[in-house]
Amino acid sequence: MRLSQYFLPILRDDPKEAEIVSHKLMLRCGMIRQEAAGSYSWLPLGLRVLRKIEQIVREEQNRAGAIEVLMPTIQPAGLWRKSGRYEAYGKEMLRIKDRHDRDMLFGPTNEEMITDIFAQGVQSYKDLPRNLYHIQWKFRDEVRPRFGVMRGREFLMKDAYSFDLTREAGQHSYNKMFVSYLKTFARMGLKAVPMRAETGPIGGKDSHEFLILADTGESEVFFDRAFHDMDWQAFEIDYDDVEAVAKVVDDFTSKYAATSEMHDQADYEKRVPADRRVTGRGIEVGHIFFFGTKYSEPLGAEVQGPDGKMVPVQSGSYGIGVSRLVGGIIEASHDEAGIIWPEPVAPFKVGLINLKAGDAGTDAACERLYHALECKGVDVLYDDRDERAGAKFGAMDLIGLPWQVIVGPRGLKDGIAEVKNRRTGERENAALDQLVGRFAR
RNA sequence: CGGAGUGUAGCGCAGUCUGGUAGCGCACCUGCUUCGGGAGCAGGGGGUCGGAGGUUCGAAUCCUCUCACUCCGACCA
């Protein structure tokens with residue numbers, strides 16, 4: 001993409017409504033635009049990141065055996081009356097009426113609908129287990145939306161729902177999601193620590209929250225420093241290996257980690273040596289629940305078991321705040337100059353800077369590089385604007401692409417360009433003819 | 001939902017107390033000079049001052065109503 005032809009409304013000053021760094025940076029980078037309290041338009045740069053995150057989530061869900069569907073944003077009230085949550089959900093649920101005066105609602109979550117879909121499609125225990133998920137916009141009429149996309153009213157969420165015959169089988173489904181979450185967040189360059197959680201309005205028996213460690217997080221967290229030393233990289237695992245999956249879950253849950261709501265100081269001190277106790281802040285990016293038959297019973301999601309009897313299925317639900325992750329990643333990865341995108345979620349991999357647009361030599365060299373990179377499928381944002389070098393450096397640092405390729409007359413006469421690593425700030429010279437190979441897969 | 005604020009050009013702000021031609025910086029347009037970390041000079045464009053009603057010869061400014069947004073607290077993917 002040529003910057004001169006892109007839509008990237010960069011702001012030089014912090015907009016006054018933004019309080020936290022990710023919100024400020026997203027606005028300054030022209031990633032989002034606020035339309036109402038807690039409701040945002042996603043501009044091209046922001047949308048690219050959102051899509052990358054969404055795709056990573058999708059790939060890891062698929063890998064863990066979940067199956068993608070797509071449910072509507074507007075749901076009829078009937079199912080919610082059946083589950084008892086139409087009243088219970090309270091004012092956070094946006095209720096609307098259609099032209100026939102029927103009660104509808106903008107979905108804050110999808111347990112009811114998915115359970116109904118499942119019940120209609122599955123009658124036998126032989127069709128279990130199943131895990132269905134979708135990635136869809138949700139609306140929760142928060143009392144007080146804030147922090148940009150971190151707490152919007154309309155947000156993109158991945159929610160998966162598992163269905164099993166027995167409690168034990170349900171546990172394995174839960175464990176698979178647990179492990180897939182570790183992998184999902186690790187792929188985005190995040191350490192998201194699983195912490196035992198309250199079940200909240202979703203209701204249930206077993207629950208873990210996944211929190212990114214970031215100074216600006218909303219929740220206070222207490223955890224064992226040992227988490228820092230664990231293997232967070234995408235470890236390979238056979239999701240059908242019940243023991244192996246359970247072992248990973250055990251490894252991660254055996255170490256102390258709790259949000260302030262669940263924190264037990266005595267237990268903390270008993271289980272974690274003083275020198276390993278860490279108090280920090282975290283951002284919740286995922287939440288998994290096992291709730292047994294809480295929805296399957298009232299909604300009649302039953303299957304016929306081997307003995308011919310009808311049994312309500314055992315369920316869990318598993319959420320990831322996809323749009324929140326955009327803000328969360330920025331909170332965890334930025335500096336004074338701007339965002340530092342982890343490569344897997346970066347809107348573009350390479351920022352190509354033409355230091356002297358209008359100069360025949362640099363223009364030609366940049367054009368060649370730009371086309372070659374594009375041909376190799378490398379996402380490149382080419383700053384071909386007629387701006388001063390400083391402005392280009394500033395903009396590129398702000399939007400935080402992982403790599404900057406800087407082409408100017410000075411290096412060009414020796415056939416080289418400069419490659420800058422946004423995260424480390426390291427620069428090195430590279431021969432022009434070797435650059436493409438370096439970034440192409 | 002309680003408390004506190006703010007709405008004036010794309011962004012950040014002044015002007016409101018004390019009514020009298022709507023301003024500043026950045027951004028934007030034109031020209032010249034510059035050009036490796038947000039240049040200089042000159043010229044220029046852009047605002048029904050959140051909205052409605054009222055007071056007044058005259059309202060961004062005073063009064064009434066209203067809408068929106070932000071922040072602090074209680075609640076949350």
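Naming convention: chains lettered A, B, ... in sequence-line order (proteins, then strands); numbering from 1 in each chain.
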Can you check whether A:Phe118 reaches A:Leu128 side chain to side chain, under 4.5 Å on heavy atoms? yes

Could you give the CD1-to-C1' distance, from A:Ile10 to B:rA27, as a whole number of Å? 12 Å

Taking NZ, NE, NH1 and NH2 as the nitrogens, is one of them in A:Arg422 or A:Glu343 under 4.0 Å from a carboxylate oxygen of the other? no

Mapping A:Val149 and A:Asp14 onto RNA chain B by nearest heavy atom, which one lands closer to the 5' end? A:Asp14

Rounded distance (Å) that lies between atom P of B:rC75 and atom CG of A:Asp141: 18 Å

When you compare B:rG54 with B:rG12, how far apart are their C1' atoms, in angstrom units rounded to a whole number? 33 Å

Of the listed nucleotides (B:rC11, B:rA77, B:rG38), which one gets closest to any side-chain atom of A:Arg12? B:rG38

Could you tell me whether the phosphate oxygens of B:rA77, OP1 or OP2, come under 4.0 Å of any side-chain nitrogen or oxygen in A:Arg324? no

Distance criterion of 3.5 Å, no angle test: do you see the side chain of A:Arg388 paired donor-to-acceptor with the base of B:rA39? yes

Rounded to the nearest angstrom, tell me the gap between atom CD in A:Gln136 and atom C1' in B:rA77. 14 Å

B:rA52 -> Watson-Crick or G-U wobble partner, both distances under 3.5 Å, gives B:rU64

If you measure from the P atom in B:rU8 to the same atom in B:rG3, how many Å do you get, rounded? 25 Å

At 4.0 Å (heavy atoms only), tell me whether A:Ala389 reaches a base, stays on the sugar-phosphate, or touches nothing. sugar-phosphate

Using the C1' atom as the point on both nucleotides, what is the distance between B:rG58 and B:rG45, in whole Å? 29 Å

For A:Phe178 together with A:Phe210, are the ring centres under 6.0 Å from each other? yes

Using atom CG of A:Leu398 as one end and atom C1' of B:rC26 as the other, report the distance to the nearest whole Å. 15 Å

Interatomic distance at P, B:rA60 relative to B:rA52, whole Å: 12 Å

What's the gap between B:rA59 and B:rC71 when it is taken at their P atoms, as a whole Å value? 35 Å

Just how far, in rounded Å, is C1' of B:rG10 from CG of A:Leu8? 14 Å

Same-atom distance (P) from B:rC11 to B:rG43, integer angstrom: 27 Å

Rounded to the Å, how far apart are A:Asp13 CG and B:rG25 C1'? 9 Å

Atom pairs under 3.5 Å: protein N/O with N/O of nucleotides 28-30 of chain B:
none

Any strand, both distances under 3.5 Å, Watson-Crick or G-U wobble: B:rU18 pairs with none

Out of the candidates A:Lys392, A:Arg28, A:Arg423, A:Lys420, only one should pair with A:Asp397 under the salt bridge (charged side-chain N to carboxylate O under 4.0 Å, His left out) rule; please name it. A:Lys420

Base partner of B:rG2, which must satisfy Watson-Crick or wobble distances under 3.5 Å: B:rC72

Under a 3.5 Å cut-off for both contacts, is B:rA39 paired Watson-Crick or G-U wobble with anything, and if yes, with which nucleotide? B:rU33

For nucleotides 68-74 of chain B, give me every protein contact, N/O to N/O, under 3.5 Å, one pair per line with atom names.
residue, atom, partner, partner atom, Å
B:rC69, OP1, A:Ala37, N, 2.9
B:rC69, O3', A:Gln34, NE2, 3.1
B:rU70, OP1, A:Gln34, NE2, 2.9
B:rU70, O3', A:Glu17, O, 3.4
B:rC72, OP2, A:Arg144, NH1, 3.4
B:rC72, OP2, A:Arg144, NH2, 2.2
B:rG73, N7, A:Arg144, NH1, 3.4

If you look at every strand shown and take non-hydrogen atoms under 4.0 Å, does A:Gly30 touch a base, only sugar-phosphate, or nothing? nothing

State whether the aromatic ring of A:Phe393 stacks on the base of B:rG36, taking stacking to mean ring centres under 5.5 Å apart and ring planes under 30° to each other. no

Have a look at A:Lys91 and say if it touches a base, only the backbone sugar-phosphate, or nothing, with a 4.0 Å heavy-atom cut-off. sugar-phosphate

Enter the distance from A:Glu154:CD to A:Glu35:CD here, rounded to the nearest 0.5 Å. 10.5 Å

Do the non-hydrogen side-chain atoms of A:Glu60 and A:Arg187 ever get within less than 4.5 Å of each other? yes

Distance (rounded to the nearest 0.5 Å) between A:Cys366 SG and A:Ile353 CD1: 9.5 Å

Please name the residue in the list A:Arg153, A:Lys91, A:Arg95 that meets the side chain to side chain donor-acceptor pair (under 3.5 Å) test with A:Asp141. A:Arg153

Determine the interatomic distance between P on B:rC1 and the same-named atom on B:rU16; round to the nearest Å. 35 Å

What is the distance, rounded to the nearest whole Å, between atom CD1 of A:Ile135 and atom C1' of B:rA77? 14 Å

For A:Trp137 and B:rA77, what is the distance between atoms CH2 and C1' respectively, to the nearest whole Å? 13 Å

Could you tell me whether the side chain of A:Asn131 reaches within less than 4.5 Å of the side chain of A:Ile67, counting heavy atoms only? no

Any strand is fair game: report the nucleotide pairing with B:rC26 by Watson-Crick or G-U wobble, both distances under 3.5 Å, or none. B:rG10

5'-most contact on RNA chain B (nearest-nucleotide basis), A:Pro409 vs A:Gly319, goes to A:Pro409

Verify, without hydrogens or angle tests, whether A:Arg324 (side chain) and A:Glu284 (backbone) share a donor-acceptor contact under 3.5 angstrom. yes

Between A:Arg130 and A:Asp164, is there a salt bridge with N-O shorter than 4.0 Å? no

Determine the Euclidean distance between corresponding C1' atoms of B:rC69 and B:rG25; express it in Å to zero decimal places. 24 Å

Please examine the side chains of A:Leu50 and A:Ser323, heavy atoms only from C-beta on, and report whether any two atoms are closer than 4.5 Å. yes

